[in-house]
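Before any comments, here is the structure.
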Amino acid sequence: MSNTLTHTRPVAVETEGPGKPRRRKPAVLRLDGTINRTQGLVLSLAGFALILLIWAAVSAAGVMNEALLPSPAGVVGRLGEQLANGEIWGDIGVSFMRIIAAFLLAAVMAIPLGILMARIRFFEALLVPLSEFIRYMPVVAFVPLSIVWFGAEESQKLFIIWMGTFFALVLMVVDDVRRVPRELVEIGRTFGMSDSRVLRRIVWRGALPGIWDSLRLAMGWCWTWLLVSEVVAASSGLGYRINLAKRYLDTELIIGYIIVLGLLGLIIDQLLRLAGKRLFKYLGKGRS
Amino acid sequence: MSLEFSNLGVRFGTEKNPFWAVRSADLTIADNEFVSVVGTSGCGKSTLLSVAAGLQDKSEGVALINGHPIDGPGRDRGVVFQSYTLLPWLTAAENIEFALREVGVAKKERKDRTAEMLNAVGLSAFADRYPAELSGGMRQRVAIARVLSYRPTTLLMDEPFGALDALTRQLMQELLVTIWEQTPMTVLFITHDIHEAVFLSDRVVVMTNKPGRVKAEIPIELPRPRTHEMVRSSEFVALQEEVLGHIRAETLQVEHLV
Ligand SMILES: Nc1ncnc2c1ncn2[C@@H]1O[C@H](COP(=O)(O)OP(=O)(O)O)[C@@H](O)[C@H]1O
Ligand SMILES: [Mg+2]
């Protein structure tokens with residue numbers, strides 16, 4: 001979880017070896033080198049700028065039909081319209097509610113089950129092989145079935161998003177929970193704690209930082225499955241709007257919404273990351 | 001409290017392919033006696049301690065605490081492991097209070113006892129630190145303070161100082177021996193450090209490998225209180241040599257050096 005750009009490891013003093021003095025590469029290019037805050041910021045922005053530049057250049061050169069590849073300015077303008085007429089807020093709101101509902105459902109089921117599967121052999125044998133099997137079934141293949149079962153109702157979206165996250169999440173929770181050292185469990189037992197008390201007061205709490213990271217990943221998958229379910233059968237939401245725009249060849253809106261989706265995903269992930277950093281401050285700098 | 005093992009066996013592995021971590025082990029620890037168990041890595045020391053703690057079921061033989069069969073863990077037996085001993089999300093003080101609460105100490109007494117124990121191990125100033133903010137030695141001192149806080153009658157320690165640097169380890173040994181000499185308890189102390197075993201114990205027990213059993217018992221009749229100056233006495237050195245002699249042959253064999 002240390003995806004910070006500012007490493008502050010001391011740089012070794014440059015010494016000149018025997019023979020000709022060697023010029024060393026700048027620290028940002030060295031293997032396991034270092035980077036300062038400004039360099040980090042500039043390089044990150046440069047990455048974005050590069051993509052934007054290529055996009056602008058290709059669309060300005062006119063190698064592709066403008067209806068197929070709109071210009072960055074066109075996309076921004078179209079997004080501006082959506083903001084002005086307020087439609088985008090409704091789309092985000094609907095999609096967001098779906099994600100939250102499905103995410104919470106998956107998490108509320110995966111966490112207790114994962115804890116039991118990780119630490120009690122009965123549940124491990126009963127549910128781990130099953131989850132591993134279902135996890136490898138392609139969720140997309142369930143989409144037609146989901147429409148047959150649920151129609152284009154909310155329950156259909158809930159089912160697809162849940163299907164896409166729950167089984168992978170529960171297995172990740174199992175791994176997180178297994179990583180709680182056996183010693184902590186044994187210490188709890190020597191205090192005379194019952195199994196269920198050890199699970200609740202030690203195992204669950206000890207696994208929480210790992211589970212938090214797994215939930216962050218699961219949140220990312222939710223966006224993918226949300227879009228899949230909305231594009232195939234919906235009458236509202238971001239995916240529905242994208243699908244509708246396809247009919248009118250409104251590529252400006254499609255690309256605009258894709259960027260908005262990326263931004264929303266990024267913002268939520270960063271919020272969760274920051275919250276995790278505060279919640280688990282006790283782990284110190286050594287947290288991996 | 002006394003601990004007694006006779007013909008003790010602990011088997012891992014399958015029915016067809018059994019692996020005896022401990023077998024035919026006999027050991028008796030008297031009330032308030034400090035006994036260290038030394039032996040090569042993997043000879044079954046931790047397994048023996050787990051049986052005493054009630055964390056590991058025996059496969060055969062007898063395991064008694066005060067004459068009663070050991071049946072699960074109990075508040076009468078406190079355990080200190082080498083690492084992962086503190087709950088990382090609780091401060092030093094909270095770790096002790098957690099234990100006191102779980103063993104059923106009344107709420108108004110918990111704070112006082114926590115402060116008293118932190119003081120006893122010299123960590124009053126670190127009460128509000130999280131384990132990640134403490135040195136390895138400090139963490140083990142908190143673990144010792146925690147286990148002593150609920151006053152078990154038997155102390156089971158599995159290489160508690162094994163991960164510490166030499167100087168810290170020495171200070172911890174002196175701390176432990178001082179505490180024990182003031183308030184005697186029955187202690188089963190696992191270590192692979194012969195010096196440590198001789199310095200702390202009333203008796204050193206040597207375990208052998210595959211299957212783990214008790215090979216030799218060396219009474220340590222050094223006077224108490226034990227002081228750091230004693231370790232240079234010819235008596236101390238001779239005892240250390242004696243224990244080493246029992247382990248050496250075995251280690252050579254295990255490491256395939258003979
Ligand atoms: N839960 C277990 N399952 C299988 N084998 C084990 C288990 N615990 C210990 N062993 C084996 O039993 C032997 C003794 O282990 P242990 O008591 O930890 O030795 P020591 O503490 O002396 O190093 C080792 O060979 C170890 O691999
Ligand atoms: Mg061991």
Side-chain angles (χ1 to χ4, degrees), chain A residues 1-2 4 8 111 115 118-122 124-125 173 175-215 274-288, chain B residues 46 49-56 70 72-92 94-105 128-136 139-140 142-144 146-147 149-150 152 154-160 163:
Chain A
M1 187 164 157
S2 61
T4 159
T8 48
I111 293 169
I115 291 173
R119 291 285 181 162
I120 295 177
R121 295 278 186 250
F122 176 86
E124 181 182 4
V173 171
D175 277 342
D176 298 328
V177 174
R178 280 189 186 140
R179 248 176 261 127
V180 175
R182 209 177 64 152
E183 285 91 335
L184 291 187
V185 170
E186 293 189 331
I187 285 287
R189 294 180 60 205
T190 65
F191 298 156
M193 295 168 76
S194 67
D195 284 2
S196 84
R197 210 167 159 77
V198 169
L199 283 178
R200 280 178 291 122
R201 303 253 303 157
I202 294 180
V203 175
W204 144 248
R205 188 60 188 79
L208 189 54
I211 292 176
W212 189 266
D213 286 345
S214 298
L215 289 177
L274 285 176
K277 230 174 155 174
R278 304 200 104 210
L279 283 171
F280 310 121
K281 217 185 267 168
Y282 59 80
L283 290 171
K285 292 194 180 67
R287 182 173 185 213
S288 55
Chain B
S46 296
L49 181 128
S50 291
V51 172
L55 295 167
Q56 169 72 52
I70 292 172
R75 292 152 203 205
D76 53 340
R77 283 153 289 148
V79 177
V80 180
F81 292 119
Q82 182 181 97
S83 48
Y84 304 116
T85 46
L86 301 181
L87 304 175
W89 58 94
L90 299 179
T91 63
E94 287 166 348
N95 260 284
I96 298 174
E97 282 163 25
F98 180 97
L100 289 173
R101 176 185 159 154
E102 294 304 328
V103 302
V105 173
D128 297 324
R129 297 282 187 94
Y130 287 99
E133 303 166 330
L134 299 171
S135 72
R139 268 179 243 161
Q140 288 308 72
V142 176
I144 290 171
R146 180 178 63 185
V147 78
S149 72
Y150 60 90
T154 302
L155 202 52
L156 307 168
M157 306 179 96
D158 193 354
E159 306 198 28

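Lettering of chains follows the sequences in order, A, B, ..., and the numbering in each one begins at 1. Quantities reported herein were computed from a predicted structural model and do not represent experimental measurements.
- Put simply, OG1 on Thr85(B) and CD on Glu183(A) are 8.5 Å apart, with the number rounded to the nearest 0.5 Å.
- With a 4.5 Å cut-off on non-hydrogen atoms, Ile202(A) touches chain B through its backbone and its side chain both.
- No more than 12 heavy atoms of other residues, nucleotides or ligands lie within 6.0 Å of OH in Tyr84(B), so this atom counts as exposed by the packing criterion.
- Applying a 4.5 Å heavy-atom cutoff, the residues of residues 194-201 of chain A that approach chain B are Arg197(A), Arg201(A).
- Using a 4.5 Å heavy-atom threshold, the side chains of Thr190(A) and Pro152(B) count as separate.
- When side chains are defined from C-beta on, Trp89(B) does not count as touching Phe280(A), because their heavy atoms never get closer than 4.5 Å.
- Heavy atoms closer than 4.5 Å to chain A are found nowhere in Leu90(B), neither backbone nor side chain.
- Ranking Arg205(A), Met193(A), Arg182(A), Lys281(A) against chain B, the residue ahead of the rest is Arg205(A), based on heavy-atom pairs under 4.5 Å.
- To the nearest 0.5 Å, atoms CD1 (Ile187(A)) and CZ (Arg146(B)) are separated by 5.0 Å.
- In this pair, Tyr130(B) and Tyr282(A) present their aromatic rings tilted. The plane angle is within the 30 to 60° band.
- Residue contact with chain A, scored on non-hydrogen atoms closer than 4.5 Å, is absent for Arg129(B).
- Only the backbone of Arg77(B) comes within contact range of chain A, with at least one heavy atom under 4.5 Å from a heavy atom of that chain.
- Residues Phe81(B) and Glu186(A) are in side-chain contact: their nearest non-hydrogen atoms beyond the backbone lie under 4.5 Å apart.
- With a 4.5 angstrom heavy-atom cutoff, Glu133(B) does not touch chain A via any of its atoms.
- Taking both residues in full, the closest heavy atoms of Leu283(A) and Ala132(B) are given as O-CB, 3.6 Å, listed atom of the first, atom of the second, then distance.
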